[in-house]
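In what follows, a structure is listed as structure tokens, so that the remarks can point back to it.
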Amino acid sequence: MIKRLPPPIQPSDQEETGPTGGDSWTTRLRALTDAGRHGEALALLHRMFRPPNPPPDASTLPAALLTAAALSLPSAAAQLHSRAISSGSLPDPFVLTALLSSYSRLSLLSLARRLFADVFPSAPAATLVVAFNALISGHARHSLSSAALALFRRMRRSALPFNAVTLLALLPSCPHSAVPPLHACALRVSLAGKPSVANCLLSAYARAGAVDAARQVFDEMPNPKQVISWNAMISGYAQNGLAPRVLDLYREMEQSGEVEPDPVTLVGVLASCAQLGAHSVGRRIEHYIAQNPAYGSNIYLKNALINLHARCGDLGRAQDIFDMMQERSIVSWTAMIAGYGMHGHGAAALQLFERMRADGIRPDGVVMVSVLSACSHAGMTDKGLEYFSKVERVFGLIPGPEHYACMVDLLGRAGRLKEASDLIKSMAVEPDGAVWGALLGACKIHKNVELGELAFEHVIKLEPMNVGYYVLLSNIYSDAGRLDGVARIRAMMRQRGLRKDAGCSYMELEGSVHLFMADDHSHPQARRIYEMVVKLEALVKEACGEEENKKDELRNEKGKILPQTGFHSEKLAAAFGLLNTEAGREIVVIKNLRVCEDCHLFMKVVSDIVNRKFVVRDASRFHHFEGGVCSCKDYW
DNA sequence: ATAGGGTTAG
């Protein structure tokens, strides 16, 4: 973050004592461009071409070209290209490479390729290696990964050696299948041990979903490992949703005493804490950050903390951090909007979004997902439709499958299933699993077997190993009394080796985590907890029996009087919370799956009977139970 | 002087 900036240009050295040697031009241009001071860089560039300064030559052209690219000035690059030809400095490897690189950065790949073709027959091998690297990296940057690989093959056919830079250019964007062969190439020429290459290989494996291969690369690195290697492994796990492994590795990093975590480490760990709902670990990191003055203004860390608190149930703390930020990025706003959305505060989310726009921030696709999903969770169907219609028309964004998934969810929850499936039919892009999954979820809520079967057919083609979808259709059948359907899905799952995810809930107490599985007796307090659940269930039954309206509600929601089995994990966690916290304290429970209707009703009634607030995060959102009602208004 | 590794939000 902290970079030493070049001194501002003094008026005194503007004309008379301007830089004369190429070295001075180069260093100052580079420094200004690196610091993002493009205006000053441009002024300097203009001066280079004005007498009495000598015209740019091989020593100053590369820096000038990179400045032109950084300024997005294709005309300037072309002018410098002409200058390179007229001054005869084109065969210079540095000038050639800078030209190739600038054209690539300016998205003028065809010009880069033409120039390369011109010099290819006559350039010496050493020049060609670097030129190939520049061209490969240009194609890779534009995600033309197969073109980049084709260039690599051509490089090798030309009997040219490749080096670390070649691999570093290829690996970040290469197709998954190319990672192992590139790894083999690296091993063959003894480049795989070079830290930069190893880090890059590790990340490439992680991106390909091969976390174990990534881990092997990590483990084979000599100790002490660089902080960047730790970070690459941590973010590799994080990107693959393996939050528990992130926390394990972070602990290992701390215990190794090799390196101090840096902000990048902490951002990765905080993201995993947020995913897990591991509030106490997250708070410990927050404390650590607060003790390091250099981290105080890091916007990535602040954004990660907003996300942490919002996802762990403390919206107030998230809002405080957001309010105290001096500078906010669109990520800060998105984290906050998504936070309000998942807690069911749709109006607050929309208000924040409008404030963001008033602040002059142009919405992107991600913030729109948060906005639409906030509308969906709050039951604000018309608002959601209104904002969806603005995605393209007003904000100039192309709606992706993720936006359609939100809309199908929004319409579907509201019972507008016909409109939801018409919307899918109208999509210009191919619907993904989330789109059909949203329709399937809506069919579960509104008990629509036929449409549910259709959605299932589609979703299962796209995500055959996603257990949740099988369970959803099975539950649709079960609600409809279609036991044949239930059996069919069960057989399908068995055949594919899929097992229902076990439900688990946990709550944190004084920094330690208490985990509960459904019908699980392993907790030291298990006896007292089960007694408590049984007692509470009796009270719930009694309360519902006494009040006519609640009894009706029971019948409406479930179609039968009360649950016969009562030991879902969230009930155990809630009972544990009641047994171990003082009156008045909010009980926060994190659950891996969605809350079932039985438990939802249980929590509502218990919150009233014992006069306690329960905050439950399930797989789709937060539920705040208080005084017999839930913040989701039974709409989840 | 030219080619270049890890990071946030759904």
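Side chains included, hydrogens not; waters and symmetry mates left out as well; all remaining heavy atoms used. Chain A is the first sequence line, chain B the second, and so forth, proteins listed ahead of strands; every chain is numbered from 1. Nothing here was measured: the structure is a model prediction, and the numbers come from that model.
- Counting atom types as modelled, A/Q239 pairs no side-chain N or O with a base atom of B/dG6 as donor and acceptor under 3.5 Å.
- Per the geometry, CE belonging to A/M325 stands 13 Å off P belonging to B/dA9, to the nearest Å.
- Atom CG of A/L115 and atom P of B/dT2 are 17 Å apart (whole Å).
- Nearest to the side chain of A/P195, among B/dA9, B/dG5, B/dG4, sits B/dG5.
- Using a 4.0 Å cut-off, some side-chain N or O of A/S235 falls inside it from OP1 or OP2 of B/dT7.
- For A/N231, the side-chain atoms get nearest to B/dG6 when compared with the rest of B/dG6, B/dA3, B/dG4.
- When heavy atoms are screened at a 4.0 angstrom cut-off, A/A335 is found touching no nucleic acid atom at all.
- Computed from coordinates, the A/L202 CG to B/dG5 P distance equals 15 Å when rounded to whole Å.
- The side chain of A/A271 lies closest to B/dT8, out of B/dT2, B/dT8, B/dA3.
- Counting heavy atoms from C-beta outward, A/D618 and A/L593 have side chains that stay 4.5 Å or more apart.
- Distance, A/D409 CG to B/dG10 P: 16 Å, rounded to whole Å.
- Residue A/S203 has no polar side-chain atom (N or O) positioned under 4.0 Å from OP1 or OP2 of B/dG6.
- Residue contacts for A/S373: at a heavy-atom cut-off of 4.0 Å it reaches no nucleic acid atom on any strand shown.
- Phosphate contact (OP1/OP2 of B/dA3, side-chain N/O of A/T97, threshold under 4.0 Å): absent.
- Between A/F120 and A/F116, the two ring planes are tilted [angle within 30° to 60°].
- Residue A/R328 places none of its side-chain N or O atoms closer than 4.0 Å to OP1 or OP2 of B/dA9.
- Here the side chain of A/V165 is nearest to one of B/dA9, B/dG4, B/dG10, namely B/dG4.
- No contact: A/P263 has no heavy atom under 4.0 Å from any strand.
- In this structure, CG of A/L171 is placed 10 Å from P of B/dG6, rounded to the nearest angstrom.
- Ring geometry, A/F622 versus A/H343: the interplanar angle falls under 30°, so the pair is classed parallel (tilted spans 30 to 60°).
- A close approach under 4.0 Å does not occur between any side-chain nitrogen or oxygen of A/R311 and OP1 or OP2 of B/dT8.
- Remark: aromatic rings of A/Y250 and A/W230 are distant, center separation not under 6.0 Å.
- Between A/N307 and B/dA9 there is a side-chain polar atom (N or O) within less than 4.0 angstrom of OP1 or OP2.
- Not a single donor-acceptor pair, N or O on each side, falls under 3.5 Å between the base of B/dG4 and the side chain of A/N163.
- Minimum heavy-atom separation, A/L247 to A/A278: CD1-CB, 4.4 Å.
- Closest approach to the A/F94 side chain among B/dG5, B/dA1, B/dA3 is made by B/dA1 (side chain taken as heavy atoms from C-beta onward).
- The two residues A/A77 and A/L99 come nearest to each other via the heavy atoms O-CD2, 4.5 Å.
- Using a 4.0 Å heavy-atom criterion, one finds that A/V267 contacts the sugar-phosphate atoms exclusively.
- The nearest pair of heavy atoms linking A/P363 to A/F395 is CG-CD2, 3.8 Å.
- Side-chain proximity of A/R105 to the nucleotides B/dA3, B/dG5, B/dG6 is greatest for B/dA3.
- Here the side chain of A/Y300 is nearest to one of B/dT7, B/dA1, B/dG10, namely B/dT7.
- Straight-line distance from the CG atom of A/L305 to the P atom of B/dT8: 14 Å, rounded to whole Å.
- Between the CD atom of A/Q226 and the C1' atom of B/dG4 there is a distance of 14 Å, rounded to whole Å.
- A/L66 has its CG atom 5 Å from the P atom of B/dA3, to the nearest Å.
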